[in-house]
Every structure is written in structure tokens, then in C-alpha cells.
There are 2 protein chains.
Amino acid sequence: MEKKTGKRAKGPTVRSVAERAGVSKSLVSLVMNGSKQVSEKRRDEVLKAARELGYRPNALARSLVSGRTNTVGVVISNVANPWWVALERGLSEELDRHGVRALLADPRMDPEVADGLVEAFLELRVDGMVFLGTQPVEEVARNASRVVPTVLTSFSRPIELPNVDCVNVDDEKGIALVLEHLCALGHRRIAYVDGSDRLVTSDNARLAAYLSQMERLGLSAEIRTDISDVPLNEDVGYDAARRLLGAEVPPTAIVAGSDLGALGILAAADDLGARVPQDLSVTGFDNTRLSSIRHVSLTTVDPNGREMGRLVAQCLAGRIESPDRPRRDELVEPSLVVRATTGPAPGR
Amino acid sequence: MEKKTGKRAKGPTVRSVAERAGVSKSLVSLVMNGSKQVSEKRRDEVLKAARELGYRPNALARSLVSGRTNTVGVVISNVANPWWVALERGLSEELDRHGVRALLADPRMDPEVADGLVEAFLELRVDGMVFLGTQPVEEVARNASRVVPTVLTSFSRPIELPNVDCVNVDDEKGIALVLEHLCALGHRRIAYVDGSDRLVTSDNARLAAYLSQMERLGLSAEIRTDISDVPLNEDVGYDAARRLLGAEVPPTAIVAGSDLGALGILAAADDLGARVPQDLSVTGFDNTRLSSIRHVSLTTVDPNGREMGRLVAQCLAGRIESPDRPRRDELVEPSLVVRATTGPAPGR
DNA sequence: TTGTACGCGTTATCAG
DNA sequence: CTGATAACGCGTACAA
């Protein structure tokens, strides 16, 4: 039987530093925490010793006594779709200002892995958790929220959990921006394409927004949707567009629930010989890097991810301060990014 | 002066569980670690008590004594460019099999932030560090490697550090695949576009590969390059392509050092009215999701990121076992993904 | 200003 | 199998 690879060689500790500097452990501790109550001379000696030894405080031990880690765990539901990048950026920046670091984790779209990662975070005693994205982590999030301050963001349908803050883009507003833009260009036959999580199509906020906004614009008669029962991706968008464009009276514009879906629509238009935007206008949602590629140049909705991230950080920081305050439910204002895939309706 | 928000309410501990189950702390510890030396009855009692209390072992305390955290830190140099996703996936999967979790961090392209994140990881006493990507973290990586097992991957130029393993794609092979493919299609005037890190153009492995492979193919006379002094992105590719295609005798094919660069080239071709692939063939490198978009359909090199990730994990696991073993320098075999942006040379 | 002693939650050791 | 007891590295009253 071999020994299970013994402990790693321990680095220098407060004790070693204290010895080398010829002082007590307490003093080292005081210096490391920037206490004002220590003489210049001693301070310098300690710092010198620490540097020479390559001393680095042990966050584990510190947290064990302080009860805080100044670290929050962020679970990113689907790393592959880079819509979260802006959000994570705003989040990290704002957390920085609170002296907190974000550690990211990728559940690989597997609920079990997600579970394990959250468990790991909780065992590490993170001060808070953020769940960034939709589907696979909801149940997990529910459990985590009972143990630690938790914020949910970019969930595709509203979720109300006690003591859990939510931050989302205002889907209603986003879709309204798109539809008004298309209307102003003279479009009337505007179709909507999306997928859905867990077959709960009725909870899809963007779809709901499309329906209500079309009505508001007096276009109830023109409503046409193609909603898949799996999450929207390029293939789903492609198939949906082929169906819609194959109809007797095809739409002049198609609104997609995500940039990825819109790309599928563009591909379908290509294959069917429909010119964009002369014959067909297409819009996306998310303003991912994909949409800004010149070769694509997609008109889309920018959810203002950075701002969302900041809000998430603020919610979390607030809840860490007072865990039992009433829940917040924030909605962030999106904006429209007009690029090259939308134009005047045909025959106008 | 307000108190600095007291410690979080401590959860249940071994002690509470022991009391509730009417046993000693030691027994609880044994049960939690799945010792075989404990009776069914006792085990069940303990587990029941733990469940009822919502007990969760404190990884901090555990690591404090064990000296291991079973956690490695992964610094991702540029989160926005999703080429790393496949690699991270392979990495996490393989680490899983070693009972180790990957925690990700985003330095936001800021060396200082990177420094802070690494410091945080080291204070958390991660068992190892992975640096995934190029530029901004090199100096930081060097420092980390003196403290903890470290693996570098996807650095654009070779780096030799004592005790640091490296995993990279075989750039020479990748470029060779591309050039052979283009040659077979009858191309001879094949140009190369890339950027560079830190103005060290001479260390660019892909550029070097292009030069040597062109020579090998007997095309030394046709060598044409456009190398920017900033990292390659869409704009850089766009500008380079405009220059190349504006020449008296323009190339019939352009090879880019990344998918993003290739997209810029495609945009330039569009603007100049050059049809792809009839008038111009274009290739990328990375096989990011960008290239697989139907609307783009870019011929590119797949670096086999998942395999790279696995190798990284193996290197790291190995070095954690024996920190002083000789350094490994792994090269992963890439493959060519032929899509729609390459075709026969004009006039053929 | 500096030193001492104790606790944080675990694991490991060793004698019952 | 069980139950004390000693680390692990650090913060912090309390005492000197």
C-alpha cells in the first residue's frame, strides 16, 4: 500500500516570519492587516522578513476564523454561448469595488456536475452565489439559496424564491424596440421564432412580449410564431425560417429570440435565395460578438449586460450585509442596435 | 464606528452532529470519510443526524489540516474569444476523474487583475494553476510556478520555465494541413495574415510554420505576409486583406492565424467584390463556433481543444503527485475542417 | 508596543 | 469500535 501522496510542503507561516524578524506572531498579524499601532521600524522588519520568505497569508485559516472568504461563486449555465461575457465583466468589476472576487464554474450543461460545483463552493464557504443563465441549474439554485446569499440572473422565465434576488433584461421592452423599428420600416407580416426551456413555452417572456406588442401595434392579425420545444439555436432557427418562408404568404420580417437563432434564419434565407434585407429583415437578441461580425452585421437587442452584472453585484453585496432583507427583482433597460439585416419592407 | 458586519451564522459542525447522534466527533469524521470500520447502525445514525441538521463539511478546515484543496485555478486570458471552451471542457472532465475541480477566473485582460486573481488562488491554496491563453499573464504565470504546480497551454510562443509543463497545438502541422489543402486546389499565391503578442513577431509559431512550409512546397517565391503588431482580430484581418488584395498581383488564397482574423478577410472580400471561394480562398485557425456558422462556413484548423484539455489535466495531476519531475512539453495533433471558403484556384 | 492563550472545524493519533 | 488530545495557520482579546 502506498501512502496517498503526503501533504504538500508547507510554506512559510506567521510563525516563521515572526521568528525571522525576531518578533511575536501577533505583531506579524497586525502588520499584515495594516494596523496603525506598530512602529515603522518593526513594520519594515516584518515586511522584509515576509518578503524574503515568500510569505503568503493562508486564506483558509483566515476564513476559518473570520467566517468570510470574500469570494463568491458564479455558475455559468452555458459557457459556449458568449452572451454572458459582458455580464460577468460588469459583475466582476463591481465586486472588485467591494473587495470580493468572483470565481467562475462551468457545469458543462450537466445538472449533476452543477450540483457538485455548487457543493464545492458551499464547502469552500463562499460568501455568495450567482447563477447566470437558464435551465439546468434551477433546482440547484433553489437549494443553494437556503444556505447562502444568492442572486439569479438571465433566467428565461420569472422565478420567485424567498431571499433570492433576480436581475433580468426587460424582455418586453426589448421586443417592443424591435417591433417598433420594423413597423417604422413598413413591415406588417412580422413572425417570431424561439425555442423553449423544459417545454414550458407559456413562460417564455420574449414570446409573450411579442404577442402583446403585436397586439398593441394593431397587428394581431399578422401574428405568426414558430416555437421549438428545445432551446433556440442555429439549427432550430434554420428549420423554423424554412417553414415560415415556405408559407403561401411569407413574412417580410422574422424576429428571433436570440442571435444564434437569427443566424440560422440568415442561413435559411441564403439557401432559399431571399436577399437580406431587401426581401427579408431579420433581428436577433443578445448583441453577442456574433452579431457584430461584419460578415453578419445583425440588427439585434443589446441587453446591456455590463449594467446587469453591476446590478447583480450590488444585490449580492447587499444581501451579504443583510441576508433577510426583502427580495429585489430588477429589470434592466435594453437598447436596439441597428445593423444591416433590417431594411424597408419589400415594395415600399 | 460600526462593526464590520459580524461573522456569518455558523452552520452545523461535526460537534453538533455528534451530539445529535449521541456519538463522538471522531466517529462522525470517520463516517463522513466513508471509513469501513464503522457499524451499519452507527453510520446510519450519524448520516441521519447530519441530514437533519443540514450538515456540510467545512472544506476550509479540512484543507487546513490535509494540505490539499482538490481544487485548481484556471486563468483564462480572454474570456470573450470562445476558442478556450473546448479546452476547458476536456480539462474539467479529466480533472473530475482525479477528484479535482476547476475554478475559473477572468483577468479581464488586465495584468493587475490577473495578478490579484492568482494571488487569491494561491491564498486559497489551490493544488495547481493553469494558464490558458497568451499575453497578459505570462509574468504572473512565472511567479505562480514557483509556488504551485503550473501548466501553460495555448501560449502563442514557446516558453520554457523550470517545472512548468506546456501543452500546445502543433502549429507547424496545422499550417501544413492548410497549405497542402490549398496546393491541392491549385493555389500558389498563398498569403499569410496574423498579428503578434508584445511585438515579438519572430516568435510567432504559426508564421514560422507558414514560412517553412511554403518553402517545403516549393513556393518560396510566392511568400507574402501581412503581420500586424497587435493581436489578430477582425479589424486587423480586414485591413490586411485590403492591402493584400489591392496589390498588383493579389493572392488567390489567404491563410489567417485565427478564425477571427479570417472573418475580417471575408468582410474585406465582400467589400471589394471578390467572391469566396471562386475568386479567393480563405482559411482560419481554431475552429471556433464562429467558423461553423452556416452563414460563414469557414475552412479552418481544429486544434482538438478537448484533447489538449485532457493533456493539461494529466500534466497537472502528474506534477501535483511529483512536483519536481522533468518538464513535459506536449504537442497536440490538429485536423483540417474543410468548409465553404476554400475552392479551386481561379482559372483552373 | 508586545507576548500569551484560546478558538475556528477538521483530521490524525493513540490509548481505552 | 470509541473518546480524548494535538495539530493545521491565523485572528484577537487580554495581560504584561
Side-chain angles (χ1 to χ4, degrees), chain A residues 3-46 49-50 53-70 122-125 127 147, chain B residues 3-46 49-50 53-70 122-125 127 147:
Chain A
K3 228 178 130 192
K4 269 269 179 191
T5 73
K7 335 181 151 188
R8 193 159 92 215
K10 306 278 184 175
T13 74
V14 263
R15 172 150 37 223
S16 4
V17 177
E19 279 173 10
R20 192 180 226 284
V23 300
S24 73
K25 293 179 287 182
S26 329
L27 187 56
V28 177
S29 181
L30 287 180
V31 171
M32 295 316 288
N33 295 318
S35 166
K36 203 55 201 160
Q37 315 284 53
V38 43
S39 67
E40 276 299 317
K41 180 162 163 284
R42 293 299 197 191
R43 169 186 310 275
D44 289 348
E45 287 172 2
V46 169
L53 259 45
Y55 169 73
R56 196 184 313 271
N58 185 328
L60 264 44
R62 175 189 305 164
S63 299
L64 193 54
V65 36
S66 76
R68 302 194 81 226
T69 54
N70 294 318
L122 295 182
E123 288 187 4
L124 277 176
R125 296 300 191 266
D127 297 332
V147 183
Chain B
K3 231 180 126 191
K4 269 268 176 194
T5 74
K7 334 179 151 187
R8 194 159 90 216
K10 307 276 183 176
T13 73
V14 263
R15 170 148 39 221
S16 5
V17 177
E19 279 174 9
R20 193 181 228 285
V23 300
S24 71
K25 293 180 287 181
S26 326
L27 187 56
V28 177
S29 180
L30 287 179
V31 171
M32 295 316 286
N33 296 316
S35 166
K36 202 57 200 158
Q37 315 282 56
V38 43
S39 69
E40 276 299 317
K41 181 164 164 283
R42 292 298 196 191
R43 169 185 310 275
D44 289 347
E45 286 171 2
V46 169
L53 261 44
Y55 168 73
R56 197 183 313 270
N58 185 329
L60 265 44
R62 191 214 310 273
S63 297
L64 190 56
V65 35
S66 75
R68 301 194 81 227
T69 54
N70 293 319
L122 295 183
E123 288 187 3
L124 276 176
R125 297 297 192 267
D127 297 334
V147 183

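Here is how names work: the chains are called A, B, and so on, in the same order as the sequence lines, proteins then strands, and each is numbered from 1. Just the heavy atoms: all of them, side chains too, but no hydrogens, waters or symmetry mates, feed the values below.
Proximity of B:Asn33 to the phosphate of C:dT11: a side-chain N or O atom is located under 4.0 Å from OP1 or OP2. Residue A:Ser24 places at least one side-chain N or O closer than 4.0 Å to OP1 or OP2 of C:dG3. Contact check, B:Arg15 against C:dG9: no side-chain N or O comes under 4.0 Å of OP1 or OP2. Put simply, B:Ser29 has a side-chain N or O that comes within less than 4.0 Å of OP1 or OP2 on C:dT11. Considering only side-chain N and O atoms, A:Arg42 lies nowhere under 4.0 angstrom from the phosphate OP1 or OP2 of C:dT1.
Residue contacts for B:Val23: at a heavy-atom cut-off of 4.0 Å it reaches the sugar-phosphate backbone alone, with no base atom in range.
Rounding to the nearest 0.5 Å places CG of A:Asn58 at 11.0 Å from CG of B:Leu122. Here B:Arg62 contributes atom CZ and B:Met32 contributes atom CE; the two are 8.0 Å apart, rounded to the nearest 0.5 Å. Rounding to the nearest 0.5 Å places OG of A:Ser63 at 7.0 Å from CG of B:Leu124.
Between the P atom of C:dG9 and the CG atom of B:Leu30 lies a distance of 20 Å, rounded to the nearest Å. The distance from atom CZ of B:Arg62 to atom C1' of C:dA12 is 14 Å, rounded to the nearest whole Å. In this structure, the CD atom of B:Glu123 is 10 Å from the P atom of D:dC10, given to the nearest Å. Put simply, CZ on B:Arg56 is 12 Å from P on C:dT10, counting in whole angstrom units. The distance from atom CG of A:Leu124 to atom P of C:dG9 is 16 Å, rounded to the nearest whole Å. Computed from coordinates, the A:Glu19 CD to C:dG3 C1' distance equals 14 Å when rounded to whole Å. Between the CZ atom of B:Arg68 and the P atom of C:dT11 there is a distance of 15 Å, rounded to whole Å. Between B:Leu64 atom CG and D:dA6 atom P the separation is 17 Å, expressed in whole Å.
By the 4.0 Å N-to-carboxylate-O rule, B:Lys41 lies close enough to B:Glu45 to be salt-bridged with it.
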- Worked verdict on B:Val147 versus A:Arg56 for side-chain contact (heavy atoms from CB on, under 4.5 Å): CA-CA 10 Å; B:Val147 183; A:Arg56 196 184 313 271; 3.4 Å; yes
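Judged purely by atom type and a 3.5 angstrom limit, A:Thr69 uses its side chain to pair as donor or acceptor with the backbone of A:Arg125.
Toward the 5' end of DNA chain D, the nearer of the two residues A:Lys25 and B:Leu27, judged by each one's closest nucleotide, is B:Leu27.
With a cut-off of 3.5 Å on both pairing distances, the Watson-Crick and G-U wobble pairs of DNA chain C assemble into stems of 3 or more at C:1-16 with D:1-16.
Between B:Leu27 and B:Val38 the shortest side-chain heavy-atom distance falls below 4.5 Å.
Of the candidate nucleotides C:dT2, C:dG9, D:dG9, D:dG9 has the atom nearest to the side chain of A:Val14. Each of C:dA12, C:dC8, C:dG9 was ranked by its minimum atom distance to the side chain of A:Val65; first place goes to C:dC8.
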